[in-house]
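Data first, discussion second: the structure below is written as structure tokens.
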Amino acid sequence: AKAAGGNRYELADADSDARTIARHDLTNCLPGALENGEFFIEYQPLVRLSDGTVRGAEALVRWLHPVHGVLGPDQFIPLAESTGLIVPLGRWVLEEAARQARAWRNDGRCRVPLRVNVNLSPSQLRYPALVAETVAVLDNAGLDPSALCLEVTESALIGADEEQLRPLRQLADLGVDIALDDFGTGYSNLAYLRRLPVSTLKLDRSFTRGMQCVPADPVDVKIVEGIVSLAHTLDLSVTVEGVETGTQADRLRILGCETGQGWYYARPGPPERLHTLSLADAAS
Ligand code: C2E
Ligand code: CA
Ligand code: CA
Ligand code: CA
């Protein structure tokens with residue numbers, strides 16, 4: 001989809017014909033790309049639904065490929081995952097996002113201290129130094145652990161035993177917020193959810209889509225209602241992805257979801273924009 005603004009680019013779908021690039025081509029230049037500084041991060045605001053204030057942003061990585069232009073994460077994260085590059089790349093994203101959160105906080109224009117969400121891949125969860133490195137990154141940036149939310153997909157956690165969950169539990173005990181990303185797509189059972197060290201459910205876009213229709217899809221409404229009630233019973237907060245319209249935002253707020261993210265508020269964009277967005281709600 002084409003975002004607003006003249007100098008914006010179009011992120012192609014992983015399967016779009018015109019932009020499908022030979023896998024081996026990308027695999028070959030992936031390691032050098034990190035050294036060459038070809039990755040950059042866009043930030044998409046996370047908005048408190050009750051009053052529309054920006055509370056933070058999710059860091060979404062992009063690759064400015066010298067030949068192919070800007071590539072979205074769906075085009076290279078799976079490759080980075082299978083080649084092991086995801087560990088250094090993920091570390092870079094975390095460092096960069098922490099530095100950015102510090103910059104937002106130093107700036108003084110933002111109405112509230114903004115938090116930053118960073119995606120963690122399954123390999124990073126298995127990486128032995130994850131906890132130590134994360135703590136060091138927070139220290140270096142002078143950030144309290146509560147300024148960071150790590151997003152882990154439901155599928156990465158399915159079947160994880162207590163031992164495998166330990167790093168996440170340690171981070172959660174330190175005060176890092178852990179979000180269960182793409183919730184609802186991984187078929188985790190409810191008993192399992194209880195055992196996870198998570199504080200937020202991030203409801204996948206597939207569940208919020210039906211909230212756009214007029215009238216809303218009654219089955220989707222029931223499903224979201226059920227998930228929110230379950231989440232609140234377990235003391236979890238609910239973030240919804242893919243909020244594209246005001247009607248959808250209102251419905252999700254009324255259903256009790258705490259936080260929203262989506263094109264209705266803002267597309268992913270440069271970090272400087274967070275100041276403006278945070279200012280804009282102070283003015284309204
Ligand atoms: P995700 O974590 O589910 O991120 C949300 C995706 O939904 C983003 O796609 C975002 O641009 C898109 N999106 C946001 N709002 C809307 C909306 O209102 N409507 C629609 N249709 N889409 C919306 P993006 O940036 O292409 O990222 C795709 C996935 O790549 C992410 O999905 C995440 O799983 C992964 N990813 C991104 N950055 C990183 C990273 O640094 N590390 C790892 N391991 N994975 C990453
Ligand atoms: Ca995410
Ligand atoms: Ca997600
Ligand atoms: Ca999703």
Side-chain angles (χ1 to χ4, degrees), residues 1-4 8-16 19 30 33-34 38-47 56-63 70-98 100 115-127 130 134 137 148-157 177-186 198 200-212 238-249 252 259-270:
K2 176 86 182 135
R8 295 279 297 150
Y9 54 84
E10 209 163 323
L11 268 192
D13 296 334
D15 56 7
S16 101
R19 294 287 294 272
L30 196 53
L34 190 56
E38 290 168 13
F39 293 102
F40 67 101
I41 301 177
E42 288 194 312
Y43 295 85
Q44 187 175 34
L46 287 150
V47 174
E58 178 174 7
L60 296 160
V61 68
R62 280 90 179 80
W63 178 5
V70 177
L71 304 179
D74 293 337
Q75 288 179 290
F76 62 86
I77 291 289
L79 277 179
E81 181 80 41
S82 61
T83 57
L85 189 81
I86 192 70
V87 169
L89 176 59
R91 183 191 299 128
W92 177 81
V93 172
L94 180 66
E95 280 167 355
E96 191 59 24
Q100 191 53 62
R115 306 172 68 210
V116 73
N117 286 33
V118 173
N119 293 285
L120 267 196
S121 80
S123 318
Q124 287 176 280
L125 278 177
R126 292 189 300 266
Y127 173 63
L130 174 72
T134 305
V137 166
L148 175 68
C149 174
L150 292 174
E151 301 194 359
V152 185
T153 60
E154 197 185 5
S155 55
L157 292 185
D177 187 13
I178 310 290
L180 196 53
D181 204 355
D182 297 343
F183 181 75
T185 60
V198 299
T200 302
L201 290 188
K202 240 183 135 172
L203 198 53
D204 191 69
R205 187 156 59 87
S206 50
F207 294 97
T208 60
R209 210 172 282 143
M211 238 49 78
Q212 277 179 33
V238 178
T239 297
V240 283
E241 302 184 326
V243 180
E244 295 183 353
T245 69
T247 309
Q248 202 184 1
L252 290 161
T259 310
Q261 176 179 4
W263 297 346
Y264 173 63
Y265 300 107
R267 303 231 174 186

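Counting convention: from 1, in listed order, for ligands and their atoms alike. This chain uses plain numbering: 1 for the first residue, then up along the sequence.
- One finds the CG atom of L180 at 11.0 Å from the OG1 atom of T239 (value rounded to the nearest 0.5 Å).
- Residue D74 holds the heavy atom nearest to atom 28 (C) of ligand 1 of all those in L89, V118, D74, T185.
- In summary, of the residues considered (L120, V118, N119), a side chain to side chain contact (heavy atoms under 4.5 Å, CB included) with V93 occurs for V118 alone.
- Counting heavy atoms under 4.0 Å from ligand 1, residue R205 touches it through the side chain alone.
- Here E241 meets the criterion, with an N, O or S atom under 3.0 Å of the Ca ion (ligand 3).
- The Ca ion (ligand 3) has no N, O or S atom of D204 inside 3.0 Å of it.
- For the Ca ion (ligand 3), the nearest N, O or S atom contributed by D182 is named OD1.
- Annotation: the span from Q75 atom CD to R62 atom CZ amounts to 11.0 Å, rounded to 0.5 Å.
- At least one heavy atom of P268 sits less than 4.0 Å from an atom of ligand 1.
- Counting only non-hydrogen atoms, the option in V93, D204, L60 that gets closest to atom 8 (C) of ligand 1 is L60.
- One finds the OG atom of S121 at 7.5 Å from the CZ atom of R126 (value rounded to the nearest 0.5 Å).
- For the atom pair CG (L150) and CD1 (I178), the distance works out to 5.0 Å, reported to the nearest 0.5 Å.
- Of the listed options W263, Y264, F39, W263 places a heavy atom closest to atom 17 (C) of ligand 1.
- Computed with the Ca ion (ligand 2) at the centre, the E58 OE2 to N119 OD1 angle is 80°, stated to 10 degrees.
- Side-chain contact of E38 with W63: a donor-acceptor pair under 3.5 Å is present, judged by distance alone.
- Interatomic distance, CG of L89 versus OG of S123, reported as 11.0 Å (0.5 Å rounding).
- Contact annotation: N117 places no N, O or S atom under 3.0 Å from the Ca ion (ligand 2).
- In terms of heavy atoms, Q212 sits closest to G242 at NE2-O, 4.1 Å.
- For atom 24 (P) of ligand 1, the candidate residues are P73, G260, P122; the nearest heavy-atom contact is made by P73.
- Using 4.0 Å as the threshold, G242 has a heavy atom nearer than that to some atom of ligand 1.
- With 3.0 Å as the limit, D181 counts as an N, O or S neighbour of the Ca ion (ligand 2).
- At a 4.0 Å heavy-atom cut-off, ligand 1 touches E241 through the side chain alone.
- Heavy-atom contacts of R62 reach the following atoms of ligand 1: 25 (O) (cutoff under 4.0 Å).
- The closest approach of E151 to the Ca ion (ligand 2), by N/O/S atoms, is made by OE1.
- Contacts between E58 and ligand 1, counted as non-hydrogen atom pairs separated by less than 4.0 Å, involve the side chain only.
- When all heavy atoms are compared, the tightest approach of E154 to T185 is OE1-N, 3.3 Å.
- If you number the atoms of ligand 1 from 1 as listed, the ones under 4.0 Å from a heavy atom of V243 come out as 18 (O).
- For R267, the closest heavy-atom approach to ligand 1 does not fall below 4.0 Å.
- Atoms CG and OG1, from D181 and T200 in turn, are 11.0 Å apart once rounded to the nearest 0.5 Å.
- For the residue pair Q44 and N117, no side-chain donor N or O sits within less than 3.5 Å of a side-chain acceptor on the partner.
- Ligand 1 places these atoms under 4.0 Å from at least one heavy atom of E244: 17 (C), 18 (O), 19 (N), 20 (C), 21 (N).
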